[in-house]
Every structure is written in structure tokens, then in C-alpha cells.
Amino acid sequence: MATVDEGDQPHAVSLRRELTWRDLVVYGLLFIGVTAPMGTFGVLDARSGGAVALVFVVATVAMSFTAWSYARMSTALPQAGSVYAYATAGLGRRPGFMAGWMIALDYLFIPALAALFAGLACHALVPGVPVWVFTGAAVLLTTGLNIAGVRLAARVGLAMLVIELLVLGAFVVLAAVHLVVVGPERGWLTPLTGVSAFDAGGVVGAVSVAVLAFLGFDAIATFAEETTGSSRHVARALQVCLVLAGVLFVLQTYLGALLSSTTPAQLAAEPAAQGTAFYDMLDDALGVWFGSLVTVVRAVGPVFSALVAQAAVARLLFAMGRAGALPGALARGGARGSTPRNAILLSAVVTLAVALAAASRADGLDILSSMVTVGALAAFLLLHASVVGHARRTGSTTPAAVVVPVLGALIILAVLVGASRLALAIAAGWFVVGVIVMLVRPGTARALAAGPPETPGEHGEPPRS
């Protein structure tokens, strides 16, 4: 519990242990979005030649290496800050700072991206209200819930996740009935083998896009200091979240491919139709009413992705502020509660400014997507390196501690190679700014010279020396 300072002044925050294992899984699934493949279905269907379900099978396996590295480090280091704390312990303070800096590019702008998604979707449903109004409302809602406390946010998030799962379940049932009564538009195995001939290159290219649907599951690790159980709960939640998301992604894309009357070749020839391919399939096969229902859920869902994203970046900023790598005020809050209020408010200001700026540009959505994608992937590379480094520092090197992170890093590199030039340019610019901050800010320099950070006890005990 945090203590109250005289005069109700801001005080250092002690994060309460309020999140159960179930809450962590809920947060992970909300951040990912259980219906995430619906938006990229057409792109992946066209690229893979119809083997869109296989794409998500491979993508799930590919991301499992990153999940393994997160699980290993979250068990060894149950701290807020996620990859920042892990890279600091495994590679040193400077690589740790840069890992935190790069993942901040992901976490800081994902709330803006999610809020913009919600604003655009709600504007499509209610054209009379400008995009910026819906976008701003989404930011205010998520900020209020996060300041109110992580427990309330988790409960509200659970309610939204249940709604999303019910809609997804209804899709599965209706699709199954349609397939039994009417039959599939494509062969039963084509979602795994392709419509005409199997295209291995196309599948690999599609996987490089599909793995981006999993970005966000790693946010679970930022809540390591707020779990009510063992540090292993975070590791287990990471793995369960990835598996559940993978199963749901494969199931909905498999059924969607069977119901789609538009062939991959047609989608490839008409790129403009790729973004709405899944929703067009819903309208044609299951009725416009159900397509509209899914559209509404997909409009509201990003608000709760933004909720988790904002909470995650607040924990990252809190951890870096506590370590002295960023201003110490970020590790402080109000006199009531134990949430990192200052970090939440800073995240909200950045989110609102970036989202509204992006909403005013025709290419704003593309730019934001590029920023969050490469920032996360760069941090994942440092995560895998930190596993090897931490194992060597602690004398716990095993074949798995080397082979798994190396394979995971190679997969991430392959995805980065396929990233757009704009995304790579933005990431390079952000990296340079991070190096400058690290070198010129005195507080950061002192933190870097302080040596490895202490590890907090598992249930709030004094740090282990």
C-alpha cells in the first residue's frame, strides 16, 4: 500500500497485487482482439492463395518462441516494465533502456491507433458525428477506467471480452449451420492447402503480416508486480493467451474461407476489396443483420484494446521513472489508490494528441500502424537476446535458453525484413532519439551507472540483494 503524504501531495506509488491469473488472460486477449483476423482476412487470403487458416497456424507457432522468452523472463524477474526490466537484467542498463524505449514506440502509440480505429468505426456507424469526437471519447473513457484502478478496468474488460466471445461463438454456430445446409464455397481443406496449388512463398509472406495480429499479448508481462499469485502466473497467462488467440484465429479464418464466394485471385486483382472481404462474406452468407452486429462489436472492441495498452505503457513509464531512466515523477501518483496516475495521464495526453493528429491525415492510420509494428519487433529482438544474456549471467544456461531465443530472433528478423520502408525509417528515427536521450539526460546517465536493478520480492517483500 502507498502511504499518504502530508498535504495530499503526490507520493511514490506501490502497485497493489489485485490481478488474478484470469485477469491477465483477459487483458492479453483484449489487447490482441479475438476478432483481429477479420480486418486482415482479405489481405492474407490473397497473399496465401487461400491457405489463410494455415497462415495463422504457422504464425501461432512462430510467436510461441517470443511467448517462451517472455514466460522465462517474467518468471525470473516479476517486475513492472516488461522487456525494459528483462533486457536490463540480461544485457545491461543501456540495452535495457533502449529496449524500453523501442517498446514504448509500440505501447505509446497502440492506444492512439486503437482509439483511432474506434473513432473511424463509430463514425462509419454514425456519420453525423466527427471522427475526432469518438476518438477523444475513447481516450477519456480508457483514462478514467485506468485511473480508477486496475481491478475495475479488469472487470469492465472482462464484460467486453465476454461480448466479443459470444459474437464470435454465434459466428461459428451460424457458419456451421450454413455449411451443413448450403455447403462450402471452397473445398474443405483449401483453407489449409490453398485454392489451386500450394504456394509456400505466399504463405510465408502472409505469415509476416499475420504475426502482427498477435502484437499486444506481451502486455501481460507489464502487470507482473500486480498479480495476486506466483510470478509463474504471468508466464502461464502469456502462453495460454497465445494458444487461445491462435485457436480462435485459425477457427474464424477457416470458416471464413469456406464461406467466401470471392476467390483469392479476385482479391489479389482488387486490393480495394481486401479490407472488407470478411464483412462482405458475412453479409452474403449469414445476412446483413449479423454483419452489422459484428461491425458494431468491432467498433467498440478497440476501445478496450486501448484500455489495456494505456495501462501497459503506464507500467512501463512507471518502471523507467522508478529506475531513474525517465523523470521520477512518472513513478508517483495521487494520495489515493496505488495506480501510476502520472504515467497514465502522460500516456493519455500523448494518445489524444497522436490520435487526433492521425485522424486529420489521409495516411494517418498507415503511419501509426507502421510505428507500433516495428517498435514492438525491435523490442522482441532485445527480449530474445536478454534470455541468453540472463542465462549466462546467472549460470543457468541450457540448450533451450539458447536455441529457443535464437530461433525466435530469426523469426522476428524475417518479419522485420518484410516491413515497409516507412516503418523502418520511423523506427530508426525513434532509435536515434533514444540514444540521444540516454546520452544527454543526467538522470538517465546516473541510472545507467547504478548497476543492475534489484529484483522485488514476489509478494511485495523487500528486494533481494
Name the orientation class of the two ring planes belonging to Phe171 and Phe290 (parallel below 30°, tilted from 30 to 60°, perpendicular beyond 60°).
-> parallel

Does the side chain of Pro191 reach to within under 4.5 Å of the side chain of Leu258, using non-hydrogen atoms?
-> yes

Residue set satisfying side chain to side chain contact (heavy atoms under 4.5 Å, CB included) with Val247, at least two apart, ordered chain then number -> Val243

Please determine which of Leu174, Leu293, Val177 meets the side-chain contact (heavy atoms from CB on, under 4.5 Å) test together with Leu286.
-> Leu174

Sequence neighbours excluded and cut-off under 3.5 Å, please list the side-chain donor-acceptor pairs for residues 130-137, or say none.
unit_1 : atom_1 : unit_2 : atom_2 : d
Thr135 : OG1    : Val131 : O      : 2.9

Smallest separation among heavy atoms of Val297 and Met160, with atom names = O-CE, 4.0 Å

With a 4.5 Å heavy-atom cut-off, do Met63 and Phe380 have their side chains touching?
-> yes

What heavy-atom pair brings Ala343 and Ala314 nearest, and what distance separates the two atoms?
-> CB-O, 3.4 Å

Minimum heavy-atom distance Ala277-Leu267, with the two atoms named | CB-CD2, 4.0 Å

Can you tell me how far OG1 of Thr253 sits from CG of Leu44, rounded to the nearest 0.5 angstrom?
-> 8.5 Å

Is any side-chain heavy atom of Val435 less than 4.5 Å from a side-chain heavy atom of Trp101?
-> no

Is the backbone N or O of Trp188 less than 3.5 Å from a side-chain atom of Tyr254, with the two atoms forming a donor-acceptor pair by type?
-> yes

Note, Thr40 side chain near Arg47 side chain (heavy atom, < 4.5 Å) | no

Non-hydrogen side-chain atoms of Val58 and Leu54 separated by less than 4.5 Å | yes

List the atom of Val387, the atom of Pro405, and the distance in Å for their closest heavy-atom pair.
-> CG1-CG, 4.0 Å

More than 12 non-hydrogen atoms from neighbouring residues, nucleotides or ligands closer than 6.0 Å to CZ on Phe198, yes or no?
-> yes

Close side-chain approach of His384 to Thr66, heavy-atom, < 4.5 Å | yes

Sidechain-backbone polar pair: Arg72 side chain, Ala401 backbone, donor-acceptor under 3.5 Å = no

Compare every heavy atom of Ser261 with every heavy atom of Gln266, then report the nearest pair and how far apart it is.
-> OE1-O, 4.0 Å

Minimum-distance pair of heavy atoms, taken over all atoms of Pro95 and Leu382 | O-CD1, 4.1 Å

Which of these, Leu179, Leu259, Thr190, sits in a side-chain contact (heavy atoms from CB on, under 4.5 Å) with Pro184?
-> Leu179

Quick one: pull up CH2 in Trp68 and CD in Gln239 and give me the separation to the nearest 0.5 Å.
-> 10.0 Å

Check the pair Leu29, Leu244 against side-chain contact (heavy atoms from CB on, under 4.5 Å), reporting the backbone distance first and the verdict last.
-> CA-CA 8 Å; Leu29 291 177; Leu244 284 176; 4.3 Å; yes

So do Leu238 and Cys241 actually touch side chain to side chain, heavy atoms under 4.5 Å?
-> no

Look at the rings of Phe56 and Phe249 and say which category their plane angle falls in: under 30° parallel, 30 to 60° tilted, over 60° perpendicular.
-> perpendicular

After noting the C-alpha distance and the side-chain angles of Glu164 and Leu30, does the key distance pass the side-chain contact (heavy atoms from CB on, under 4.5 Å) rule?
-> CA-CA 9 Å; Glu164 289 184 315; Leu30 277 174; 4.0 Å; yes

For residues Thr35 and Phe278, determine if any side-chain heavy atom of one lies less than 4.5 Å from a side-chain heavy atom of the other.
-> no

For Phe41, does its backbone N or O pair with a side-chain atom of Asp45 as donor and acceptor, under 3.5 Å?
-> no

Going from CZ on Arg94 to CE on Met98, what distance comes out if it is rounded to the nearest 0.5 angstrom?
-> 12.0 Å

